[in-house]
Amino acid sequence: MTDIAPATDLDRTVGFTLPERHARGRIVRLGPVLNQILSAHNYPDPIERLLSEALTLTALLGSTLKQEGGQMTLQAQTKGGIVSLLVCDYRNGELRGYVQFDAERLAQLGKNPSVYALFNKGYLAITFDQEATKERYQGIVPLDGDTIAQAAENYFFQSEQIPSLVRIGLGRDADGQRIAGGIFLQHLPEGEVGRERLHARLDHPEWEHVAALASTMGADELADVALPLETLVWRLFNEESEVRVLPGVALSRGCRCDGEYIRQVLAKFPEADRATMADENGVISVDCAFCSRQYPVPAADFVSPPL
């Protein structure tokens, strides 16, 4: 395996498999795309870190989609938590995300609050929508663990009963910009080809070996822009007899709001409802929670011309 990535390896994800260990994985590093998403909101540091981790996880999971146009959505929601809603999604290499939170209550916490401190009793939902087949799969589990990575591991253990490992590292580059890297590993579900179900076994020696190696990957390595992603895979698994590296996926910021789509949505409302939405100047202002853009739409645009 050779290094084919650029010297500064950012905003892409790479897949790989370990055939003899029955394992598959993804590794990702975010830079400019991450900072573009964060720049839409003036988030305090704890929320910025939380969203950075969530976007990294979204890129790892979303890039496993095989069908063109498929979408993966990650949503964490609570009742009464400091963070009331976190939403990220991935489609065709495009990422977006945002967080709703109580700024006054957040200010009362320390610098590094846990997931539980931010969400209290919450739930994590991961949804895969397949565009070609129109199939949807969703799993919902309690939001357990001190980090989003731990919550994701709990999700796969409870929802899919597949041994999984998620590691996420955050850092900053020489200019102070946020960098986020992550690795996601799973033991392949042997039962899908008619063999013994993994969760029915009491031990997983192949998986334990792979997980032990992956656990040695430090957060500083994941967030090191000078280390190509392929190099990180090689560092972990260079003693394996075979490592198959899959083509990388380039990532971009992908908020899908636009004026025409918003007009189509507003057109579905009764005229009386649109009149209520409009301000004193007859303008309906629609805000995009993802990118913080505002779309002013005159209510008069929906009035049919006289015959």
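Note that the structure is predicted; figures quoted are calculated from it, not measured.
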When rounded to the nearest 0.5 Å, the distance separating CG of Leu170 from OG1 of Thr56 is 6.5 Å
Exactly one candidate in Gln75, Gln138, Arg136 meets side chain to side chain donor-acceptor pair (under 3.5 Å) with Thr127; the answer is Gln138
*Would you say Thr78's side chain and Val83's backbone share a donor-acceptor pair under 3.5 angstrom?*
yes
Check: Pro19 versus Arg244: any side-chain heavy-atom pair under 4.5 Å?
Finding: yes
* Asked: Do the non-hydrogen side-chain atoms of Leu74 and Leu57 ever get within less than 4.5 Å of each other?
  -> yes
Between the OG1 atom in Thr231 and the CG atom in Leu236, the distance rounded to the nearest 0.5 Å is 11.0 Å
Value for CG (Leu165) from CZ (Phe184), rounded to nearest 0.5 Å, stands at 9.5 Å
Shortest non-hydrogen pair, Ala152 vs Val166, comes out as CB-CG2, 4.1 Å
Heavy-atom closest pair (Leu251 atom, Ala59 atom, distance to 0.1 Å) is CD1-CB, 4.0 Å
Go through it in stages, so that I can follow the logic: the residues are Arg24 and Phe16, the test is side-chain contact (heavy atoms from CB on, under 4.5 Å), and I'd like the CA-CA distance, side-chain angles, deciding distance and then a yes or no. CA-CA 6 Å; Arg24 61 187 172 192; Phe16 59 93; over 6 Å; no
task: Starting from the C-alpha separation in whole Å, work towards a yes-or-no answer on side chain to side chain donor-acceptor pair (under 3.5 Å) for Glu153 and Ser164.
output: CA-CA 6 Å; Glu153 289 181 355; Ser164 304; over 6 Å; no
Tell me, yes or no, whether the heavy-atom count around Glu242 atom CD, taken from other residues, nucleotides or ligands under 6.0 Å, exceeds 12. yes
Distance col, row Asp9:CG vs Glu230:CD, nearest 0.5 angstrom, shows 6.5 Å
- Message: According to a hydrophobic-cluster definition based on side-chain heavy atoms being under 4.5 Å apart (Ile, Leu, Val, Met, Phe, Trp, Tyr only), do Val141 and Leu86 belong together?
- Response: yes
Practice task
Mark yes or no for whether Asp102, through its side chain, and Glu104, through its backbone, hold a donor-acceptor pair below 3.5 Å.
Solution key: yes
Query raised in the report: Salt bridge or not for Glu53 and Arg178, using N-O below 4.0 Å?
Result: no
Report task. Taking only Lys NZ, Arg NE, NH1 and NH2, and the carboxylate oxygens of Asp or Glu, determine whether Glu48 and Arg172 approach each other closer than 4.0 Å. Result -> yes
Parallel under 30°, tilted from 30 to 60°, perpendicular over 60°: which one fits the rings of Trp207 and His187?
parallel
ask   = Under 4.5 Å between side-chain heavy atoms, hopping through other hydrophobics if needed: is there a path connecting Val245 to Val210?
value = yes
Of all heavy-atom pairs linking Met277 and Leu266, the shortest is SD-CD2, 3.9 Å
### Query
Can you list the steps and then say if Met72 with Leu65 is a side-chain contact (heavy atoms from CB on, under 4.5 Å)?
CA-CA 8 Å; Met72 176 266 165; Leu65 286 164; 4.0 Å; yes
Check your understanding: Taking side chain as C-beta onward, heavy atoms only, is Phe237 less than 4.5 Å from Leu18?
Key -> yes
Notebook entry, point to check: Is there a side-chain contact (heavy atoms from CB on, under 4.5 Å) between Leu10 and Ile179 once you walk through the steps?
Noted result: CA-CA 9 Å; Leu10 293 168; Ile179 304 294; 3.9 Å; yes
> With a 6.0 Å cut-off on ring centres, are Tyr90 and Phe128 close enough?
Replying inline: no
| When you measure from the side chain of Thr276 to the backbone N and O of Ala272, does any donor-acceptor pair fall under 3.5 Å? | yes
Here the gap from Tyr98 atom OH to Leu38 atom CG, rounded to the nearest 0.5 Å, amounts to 15.5 Å
### Query
Considering only heavy atoms from C-beta outward, does the side chain of Ile47 approach that of Leu106 to under 4.5 Å?
yes
Would you say the side-chain atoms of Ser252 and Glu94 include a donor-acceptor pair closer than 3.5 Å? no
Any carboxylate oxygen within less than 4.0 angstrom of a Lys/Arg side-chain nitrogen, looking at Asp45 and Lys111? no
CG of Leu51 to CG of Leu34, rounded to nearest 0.5 Å, is 7.5 Å
Report task. Would you mind reporting whether Arg26 and Val14 have side-chain heavy atoms less than 4.5 Å apart? Result -> no
For this session: Decide salt bridge (charged side-chain N to carboxylate O under 4.0 Å, His left out) for Arg29 and Asp11; before the verdict, give the C-alpha distance in whole Å, the side-chain angles of both, and the deciding distance to 0.1 Å.
Result: CA-CA 6 Å; Arg29 188 178 297 123; Asp11 296 331; over 6 Å; no
Could you tell me whether the side chain of Arg167 reaches within less than 4.5 Å of the side chain of Met217, counting heavy atoms only? no
Margin query: Test side-chain contact (heavy atoms from CB on, under 4.5 Å) on Val115 and Gln150; report intermediate values, then the result.
Written below: CA-CA 10 Å; Val115 166; Gln150 290 179 9; over 6 Å; no
* Could you state whether Ile140 and Phe156 fall into the same hydrophobic cluster, counting links through intermediate Ile, Leu, Val, Met, Phe, Trp or Tyr residues with side-chain heavy atoms under 4.5 angstrom apart? => no
* Counting heavy atoms not belonging to Phe269, are there more than 12 under 6.0 Å from its CZ? -> no
Original post:
Is there a chain of hydrophobic side chains (I, L, V, M, F, W, Y, each step under 4.5 Å between heavy atoms) that links Trp234 to Leu246?
Top reply: no
Note: Arg96 and Leu55 closest approach over all heavy atoms is O-CD2, 3.6 Å
**Asked** Is Leu85 reachable from Val99 through a run of hydrophobic residues whose side-chain heavy atoms are each under 4.5 Å from the next?
**Response** yes
Review point. Do Tyr155 and Ile126 have side chains that get closer than 4.5 Å, going by heavy atoms?
Key: yes
**Prompt:** Judged by modelled atom types alone, do Arg253 and Gln36 share a side-chain donor-acceptor pair under 3.5 Å?
**Reply:** no
Only one of Ser84, Pro46, Pro44 passes side-chain contact (heavy atoms from CB on, under 4.5 Å) with Phe101, and that residue is Pro44
Item to complete: Answer yes or no: is there a side-chain heavy-atom contact under 4.5 Å between Val233 and Ile27?
Response: yes
Heavy atoms of Cys88 and Ala54 approach each other most closely as SG-CB, 3.8 Å
* Asked: Quick one: do Glu240 and Arg21 make a salt bridge, cutoff under 4.0 Å?
  -> yes
Between Gly81 and Asn120, the two heavy atoms sitting closest are CA-CB, 4.4 Å
Can any side-chain N or O of Asp279 pair as donor or acceptor with the backbone N or O of Asn281 at less than 3.5 Å? yes
